[in-house]
Amino acid sequence: MIAKTTQPPEAARLLAWYDRHHRDLPWRVSPPMRARGIKADPYHVWLSEVMLQQTTVTAVKPYFAKFLALWPTVSDLAAAPTEAVMAAWAGLGYYARARNLKKCAEAVDRDHGGRFPETEAALKSLPGIGDYTAAAVAAIAFDEQAAVMDGNVERVISRYYAISEPLPGSKPAMKAKVAALTPAERPGDFAQAMMDLGATICTPKRPACALCPFRAECRALGESDPELFPVKAAKKDKPVRRAAAFVACSPQGRILLRRRPETGLLGGMTEVPVTHFTSRRDGETSPDAAPFPAAWQPRGTVIHVFTHFELRLDVYGAETPETPLADGWWEPLANLDAQALPSVMKKAIEAAMSRV
DNA sequence: GAGACGTGGAC
DNA sequence: TGTCCAAGTCT
């Protein structure tokens, strides 16, 4: 006889809130569907979780739809050319995710017969799957009682318990709190409910505490100010770097592109020739560093903000014959949409094409 | 464990 | 306008 599982009162209250107020999302199986026996597709859960890392739901939706249309199963993704995956990911950012996405799909296809492993520990050993994603996929797709903690959960927990220790030092203690709250029944819905609560009620600014199922017990609300949580270490200011980009356009309507190294910033993505991103913010760039001599014309400066520095990219343009080059290729302008061009490179090309 | 790693939207 | 950020992972 199995003892009836007890669950924390917080879990029951949150699940009741979730049943009424959950968001409908393309990768999600809602509570009514789950009640009818519909299960979440591990491939959909994993794909969405990786895309959602540090990325908004709004930004992810069209990419999620595109990936499923191109590669309906994880084995399809494993068989896809890496370049096609990078091109499809272009614009979403954090491109190591796309490189690891492909590696992970290959590992699942090759080592696990095209089925995702079902435990948190096994999932975490796969490329691009860390603490959060392993727990999320295990809980949501496989009903494992895994403690899922992301930025939303950190915010909810830090407020509920009024945790004054700053992040990231407070993470282990918060993870223990989440583990204690996570129920054996519906652990996946519990995780998604915590994240929905953080995204729609317990927001970073101006939280809607009046609508919160935890308003009566929340220590930050009762004793302090929820907006003061979570406490975080002070940020460092962003250095400015400078570089030059060279957009060469041929009379045949093609531009010179090349591929960046596999690792590091924008790793494996396509670019127009650019100089090294120097840390000196002052000092003009010049066409001397261009891939070949041409009548380079300044076409303005693109400002692009990365996570850890701001780039001032001086753009030069020239109309030139299609010089054969060891490094790079000439791509028709009409095909640019199919390239793995990150946003900063699209901005540079756009600047070069528009008449000043 | 601190830094590297994108982007576009909100206030 | 500048700041903060959005379902983190890897080294």
Side-chain angles (χ1 to χ4, degrees), chain A residues 22-23 25-28 44-64 86 89-101 103-104 123-137 139-141 146-156 166-169 171-172 175 178 188 190-200 202-206 227 230 232-241 260-269 271 277 302-311 313 340-347:
Chain A
H22 64 84
R23 291 177 291 176
L25 299 171
W27 46 84
R28 174 176 286 180
H44 296 188
V45 175
W46 163 73
L47 180 61
S48 67
E49 292 300 344
V50 173
M51 288 182 166
L52 286 162
Q53 292 166 8
Q54 300 291 284
T55 308
T56 59
V57 166
T58 304
V60 164
K61 280 181 176 175
Y63 284 86
F64 180 78
M86 300 307 286
W89 195 277
L92 247 200
Y94 282 138
Y95 298 102
R97 292 185 295 171
R99 302 194 296 271
N100 286 330
L101 190 81
K103 289 181 194 163
C104 183
L123 287 161
K124 191 167 153 30
S125 70
L126 292 166
I129 299 188
D131 287 339
Y132 162 74
T133 305
V137 174
I140 297 169
V148 177
M149 194 169 73
D150 73 328
N152 287 304
V153 179
E154 287 172 0
R155 192 165 53 252
V156 172
L167 283 169
K171 267 193 172 186
K175 183 76 171 275
V178 177
F190 175 81
Q192 295 179 94
M194 288 286 277
M195 295 189 279
D196 276 20
L197 188 71
T200 64
C202 196
T203 51
K205 305 293 181 190
R206 300 176 59 83
E227 278 197 20
K232 294 182 181 178
K235 310 191 146 76
K236 301 181 174 174
D237 50 74
K238 215 159 259 203
V240 176
R241 297 187 193 175
R260 292 179 64 85
E262 286 305 306
T263 58
L265 186 72
L266 309 176
M269 299 295 284
E271 67 174 7
F277 296 171
V302 166
I303 308 271
H304 189 81
V305 182
F306 291 95
T307 305
H308 53 299
F309 66 92
E310 174 184 314
L311 178 65
L313 188 61
L341 285 167
S343 294
V344 63
M345 296 302 160
K346 289 185 176 173
K347 283 190 198 174

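These figures come from a predicted structure and were not determined experimentally. Throughout, protein chains are lettered first and strands after them, A, B, ... in sequence-line order, and every chain is numbered starting at 1.
Nucleic acid contact class of A:Leu25 (heavy atoms, under 4.0 Å, all strands): base. Heavy atoms of A:Trp27 sit under 4.0 angstrom from at least one base atom. Contacts of A:Leu92 with the nucleic acid, taken as non-hydrogen atoms under 4.0 Å apart, include base atoms. Among the heavy atoms of the strands lying under 4.0 Å from A:Lys232 are primed sugar atoms or P, OP1, OP2 only; no base atom is included. Residue A:Val305 is in base contact, counting any heavy-atom pair closer than 4.0 Å across all strands shown. Counting non-hydrogen atoms under 4.0 angstrom, A:Arg99 reaches nothing in the nucleic acid. Residue A:Thr133 is classed as a sugar-phosphate contact, given heavy-atom separations below 4.0 Å to backbone atoms only. Residue contacts shown for A:Gly267 are absent, as no nucleic acid heavy atom lies under 4.0 Å away.
No salt bridge links A:Lys171 with A:Asp131; every basic N to acidic carboxylate O contact stays at or beyond 4.0 Å.
Heavy-atom distances to DNA chain B give each of A:Lys236 and A:Gly91 a nearest nucleotide, and the one nearer the 5′ end belongs to A:Lys236. Comparing A:Pro342 and A:Pro168 by the nucleotide of DNA chain B whose heavy atom lies nearest to each, the residue mapping closer to the 5' end is A:Pro168. Position along DNA chain C of the nearest nucleotide to A:Leu126 versus A:Gln192 favours A:Gln192 as the more 5'-ward residue.
In this structure, A:Lys205 contributes its side chain and A:Glu227 its backbone to no donor-acceptor pair below 3.5 Å. With hydrogens and angles disregarded, no donor-acceptor distance shorter than 3.5 Å links the side chain of A:Asp196 to the backbone of A:His22.
Relative to the side chain of A:Gln53, the nucleotides C:dG8, C:dC5, C:dA6 differ in distance, and C:dG8 lies closest.
In terms of phosphate contacts, A:Gln54 brings a side-chain nitrogen or oxygen within less than 4.0 Å of OP1 or OP2 of C:dG8. Neither OP1 nor OP2 of B:dG8 sits under 4.0 Å from any side-chain N or O of A:Thr56. Taking 4.0 angstrom as the limit, A:His304 places a side-chain polar atom (N or O) nearer than this to OP1 or OP2 of B:dT7.
Remark: aromatic rings of A:His308 and A:Phe306 are distant, center separation not under 6.0 Å.
Not a single donor-acceptor pair, N or O on each side, falls under 3.5 Å between the base of B:dG8 and the side chain of A:Ser343. Counting atom types as modelled, A:Tyr132 pairs no side-chain N or O with a base atom of C:dG8 as donor and acceptor under 3.5 Å.
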